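Notes follow the structure.
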Amino acid sequence: MANEWIAQVKARGLAGAVGIALDALEPLGPLGAQLLWVAQPFLGVFGGESARNAANEIAEALETPEGIAHIREQLKHD
């Protein structure tokens with residue numbers, strides 16, 4: 001999984017906020033993934049190919065507890 005969006009989150013100083021959101025919303029991860037799959041075409045129109053790719057990566061990660069754990073781990077690393 002490419003983590004360009006994680007690098008952008010870190011660069012903006014939002015790693016802590018995203019980690020907290022993952023903690024609070026983890027049980028809703030599969031639902032969030034489905035919402036991202038539905039929104040992906042719109043994100044491509046308004047945000048370009050990079051937004052669509054980021055939505056795809058996030059949706060794939062949110063579908064499983066292992067994916068969410070991987071995001072957490074990547075947010076902790078410098």
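The shown structure was predicted, so the numbers you read here are calculated from the model rather than taken from an experiment. Positions are given from 1, in the same order as the sequence printed here.
One distance of note links CG of Leu62 with CG of Leu22; it measures 7.0 Å at 0.5 Å rounding. Atom CD1 in Ile58 sits 11.0 Å away from atom CG in Asn53 (nearest 0.5 Å). Remark: Leu14 CG to Ile20 CD1 distance equals 11.0 Å, nearest 0.5 Å. The CD atom of Glu73 sits 12.0 Å away from atom CD1 of Ile71, with the distance rounded to the nearest 0.5 Å.
Leu43 and Ala55 make their closest contact through CD1-CB, 3.5 Å (heavy atoms, listed as atom of the first residue, atom of the second, distance). The heavy-atom pair separating Pro30 from Pro27 by the smallest distance is CD-O, 4.0 Å. When every heavy atom of Ala59 is checked against every heavy atom of Ala33, the shortest pair comes out as O-CB, 3.3 Å.
With hydrogens and angles disregarded, a donor-acceptor distance shorter than 3.5 Å links the side chain of Lys10 to the backbone of Gln74.
Annotation for Leu28: hydrophobic cluster partners, listed by chain and number, are Leu25 (ILVMFWY side-chain heavy atoms under 4.5 Å, direct or chained).
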TODO: Please lay out, stage by stage, how Ile6 and Val18 fare under the test side-chain contact (heavy atoms from CB on, under 4.5 Å).
DONE: CA-CA 10 Å; Ile6 290 178; Val18 171; over 6 Å; no
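Contact check for Thr64 versus His70: no side-chain heavy atoms found under the 4.5 Å cut-off.
Side chains of Glu60 and Trp37: no donor on one and acceptor on the other come within 3.5 Å.
Under a 4.0 Å N-O distance rule, the pair Arg52/Glu57 does not qualify as a salt bridge.
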